[in-house]
**Q** 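Quick one: the structure is below, and I'll ask about it shortly.
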Amino acid sequence: MLVFQPISIELYVALLALFRAGLVAMFMDPLAGRSRFERCLDIERPAALIASARAHLLRLVSSGLRRVPVKFSIGMPLPGAIAWRSAERHDAEAPIVECDTDARALLTFTSGSTGEPKAAVRTHGFLLAQHAALERALALEAGQRDLSTLPIFVLANLASGVTSVIPDADLRSPGNIDAAPVLKQIDALRPTRSAASPAFYERLVDACEREGATLDSFTRIDTGGAPVFPGLLERLSERAPNAEVVAVYGSTEAEPIAHISRREISASDLVAMRAGKGLLAGRPVDEISLRIIDATWGEPMTPMKVDAFKRVCLDTAEPGEIVVHGAHVLPGYLDGRGDEETKFDVDGARWHRTGDAGYLDERGRLWLLGRASARIDDERGTLYPFAVECAALQCENVRRAALLRVSDKRVLAVEARKNGAVRIEAIKESLAWAKLDCVVSLPKIPVDARHNAKVDYPALEDRLKKSLALRDNAAP
């Protein structure tokens, strides 16, 4: 059952109804582009569509949606669709369909290095294991009130007796929300905790700083879904003085993987991040096994024995590729499509390749270095994206930074904070250790459509290639 409904009360009524009936809820990102949208519908054709009236407009441009045999409309009645409100006539005490732990519950789509969509299937057993990990990592307790923007976290709240406050904002674009209505909600409803993307919190903090407001009702703030850099943690701590501010690292296939509180980041850690040691993500959660292996991203890994696996695992402080194993780590994709890219077996145990580079320090804490495929290897040595970006973000007025190799040059793109200006020479001097060829200031660095916080490196590379070509061809 394909569900197209923004985060709302209706979304969770629909989702729990599907689980109760033993049906599979299917989700897709309508912002991913029309061709990808149609490819997803070809991979798994839904038997029904549950969507808001606005989402039903996609039927006008999508042949795949028009082929869905049964359609439900939430809100305004529409031709060819069953009104959602008609369910009020149904028996509220209908029996719950029994499902074993291997029964499918959720189907979403992700993409690998090829950009081809892969169907990620979560079973009921997987969701229970993920809930247990989230409940512990987020310290969920019955009676708390959570300002929640991430759909999977609302499920964890419902299972933990936590009240979810849905922000009065368009959460499809968290980096562009109007913060004023959300701050009004916070003032009226006094939530005690929150979980959201970094872009969402940036909007809140920006507004608080302009208006001199504080987020004093919060005792816990979690942020993830995209890289969480020290500057945001610091700003959140200042505006939410009573809150423990926590950065959570995870992925579609494994959420959560690691986390760290701002209070646990020492002055020496900040110095290390400024010096190019990477982004500190904290200790792996207890429910997961994490190892660092030789970086061979892009090359499939064959099944191996434990002794062979130990030989490819790296020692403390050695950078490589992050791999994980656990009950809440997705074991594979629908029909095995894409497994060869991100999965491998060790004595029958399934491991997931995150595609991220990093290392473990002597205290067992994980440091992130960026995508393994984005590592720069040239005659000057090896350079990792997060090593440079994390350091650059601590320079004055730098809002966003991205490192790429463009036409055999080490190029750092920076975006200034609103009403601020970056000092290119100061950045070069601060990052002398990175041996950059050039630092380019851009009005906007492109980011992903979902979280508005992850750099869209392919789009940025295209832009920089054009920019550098124009500069190189300019008359002296």
**Q** Testing the basics here: between Leu330 and Arg122, what is the closest heavy-atom pair and its distance to 0.1 Å?
**A**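 So the minimum-distance heavy-atom pair works out to CD1-CG, 4.2 Å.
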**Q** Any side-chain donor paired with an acceptor under 3.5 Å for Trp351 and Asp345?
**A**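 No, no side-chain donor-acceptor pair sits under 3.5 Å.
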**Q** Using the side chain to side chain contact (heavy atoms under 4.5 Å, CB included) criterion, which residues pair with Asp206? Sequence neighbours excluded.
**A**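 Here the qualifying residues are Glu209, Arg210, Arg235.
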**Q** For the CD atom of Glu341 and the NZ atom of Lys118, what is their distance to the nearest 0.5 Å?
**A**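 Separation between the atoms: 4.0 Å.
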**Q** Please tell me if the side chains of Arg371 and Asp356 come closer than 4.5 Å, counting only heavy atoms from C-beta onward.
**A**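 Answer yes - side chains close enough.
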**Q** Can you see which heavy atom on Asp437 is nearest to which on Asp408, and at what distance?
**A**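 That closest heavy-atom pairing would be OD2-O, 4.2 Å.
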**Q** State, to 0.1 Å, how close Met26 and Leu41 come at their nearest heavy-atom pair, and which atoms those are.
**A**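 Looking at all heavy atoms of both residues, the shortest contact is CE-CD2, 4.4 Å.
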**Q** Below 4.5 Å, heavy atoms only, C-beta onward: do Ser261 and Val245 meet side chain to side chain?
**A**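 The answer is no, as the side chains (C-beta and beyond) never meet within the 4.5 Å cut-off.
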**Q** May I ask you to decide if Ala281's main-chain N or O and His259's side chain share a donor-acceptor pair within less than 3.5 Å?
**A**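 Such a contact is absent between His259 side chain and Ala281 backbone.
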**Q** Would you say Leu279 and Leu369 make side-chain contact, with heavy atoms under 4.5 Å?
**A**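 When only atoms from C-beta onward are counted, Leu369 and Leu279 do not touch, as no gap falls below 4.5 Å.
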**Q** Identify the heavy atoms of His352 and Ser251 that sit nearest to each other, and give their distance.
**A**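 That would be NE2-OG, 4.4 Å.
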**Q** Is there a donor-acceptor pair under 3.5 Å between the side chain of Arg410 and the backbone N or O of Ala434?
**A**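 Such a contact is found between Arg410 side chain and Ala434 backbone.
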**Q** Might you point out which heavy atoms bring Val61 and Glu38 nearest each other, and give the distance in Å?
**A**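 For Val61 versus Glu38, the nearest heavy atoms are O-OE2, 4.3 Å.
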**Q** More than 12 foreign heavy atoms under 6.0 Å from CZ of Arg350: is that the case here?
**A**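 More than 12 within 6.0 Å, yes.
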**Q** Check whether any side-chain N or O of Ser197 sits under 3.5 Å from a backbone N or O of Gly224 as a donor-acceptor pair, and report yes or no.
**A**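 Answer holds: no.
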**Q** Inspect the contact between Lys454 and Asp456 and indicate whether a charged nitrogen and a carboxylate oxygen are less than 4.0 angstrom apart.
**A**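 A salt bridge is absent here (no side-chain N lies under 4.0 Å from a carboxylate O).
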**Q** Could you tell me if Asp269 and Ser266 have a donor-acceptor pair between their side chains, going purely by distance under 3.5 Å?
**A**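 Indeed, the side chains of Ser266 and Asp269 share at least one donor-acceptor pair under 3.5 Å.
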**Q** Between Asn242 and Thr219, do the side chains contain an N or O donor and an N or O acceptor separated by less than 3.5 Å?
**A**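 Not at all, the side chains of Asn242 and Thr219 share no donor-acceptor pair under 3.5 Å.
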**Q** Quick check: does any side chain N or O of Arg337 sit under 3.5 Å from a backbone N or O of Pro117, one acting as donor and the other as acceptor?
**A**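 Such a contact is absent between Arg337 side chain and Pro117 backbone.
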**Q** Assess, by modelled atom type and distance only, whether the side chains of Thr192 and Gln144 contain a donor and an acceptor separated by less than 3.5 Å.
**A**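 On atom types as modelled, these side chains do not qualify, holding no pair under 3.5 Å.
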**Q** Backbone N or O of Val324 within a donor-acceptor pair of the Ser289 side chain at under 3.5 Å?
**A**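 Not at all, since once roles are kept as given, no pair shorter than 3.5 Å links the two residues.
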**Q** State, yes or no, whether a side-chain contact exists between Tyr249 and Pro256 at a heavy-atom distance under 4.5 Å.
**A**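 Sidechains of Pro256 and Tyr249: no contact.
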**Q** A quick test of your reading: do over 12 heavy atoms of other residues, nucleotides or ligands sit less than 6.0 Å from CZ of Arg54?
**A**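 12 or below, so no.
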**Q** Is there a donor-acceptor contact under 3.5 Å from the side chain of Tyr457 to the main chain of Ala402?
**A**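 Answer holds: no.
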**Q** Has the side chain of Ser160 got a donor or acceptor atom that lies under 3.5 Å from a matching backbone atom of Val162?
**A**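 Not at all, since once roles are kept as given, no pair shorter than 3.5 Å links the two residues.
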**Q** With Lys343 as the cation and Tyr333 as the aromatic partner, state whether NZ or CZ is under 6.0 Å from the six-membered ring centre and within 45° of the axis.
**A**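 Judged by the rule, Lys343 and Tyr333 form a cation-pi pair.
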**Q** Ignoring hydrogens and angles, tell me if any N or O in the side chain of Arg405 forms a donor-acceptor pair with the backbone of Val411 under 3.5 Å.
**A**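 Checking the backbone N and O of Val411 against the side chain of Arg405, no donor-acceptor pair under 3.5 Å is found.
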**Q** Is any side-chain N of the basic residue among Glu389 and Arg400 closer than 4.0 Å to the acidic one's carboxylate O?
**A**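 No, no charged N to carboxylate O under 4.0 Å.
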**Q** In the structure I gave you, are the side-chain heavy atoms of Leu155 and Gln130 within less than 4.5 Å of one another anywhere?
**A**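 Contact flag for Leu155/Gln130 side chains = no.
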**Q** Looking only at heavy atoms, which two atoms of Ser430 and Cys395 are closest? And how far apart?
**A**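 Distance-wise, the nearest heavy atoms are OG-SG, 3.9 Å.
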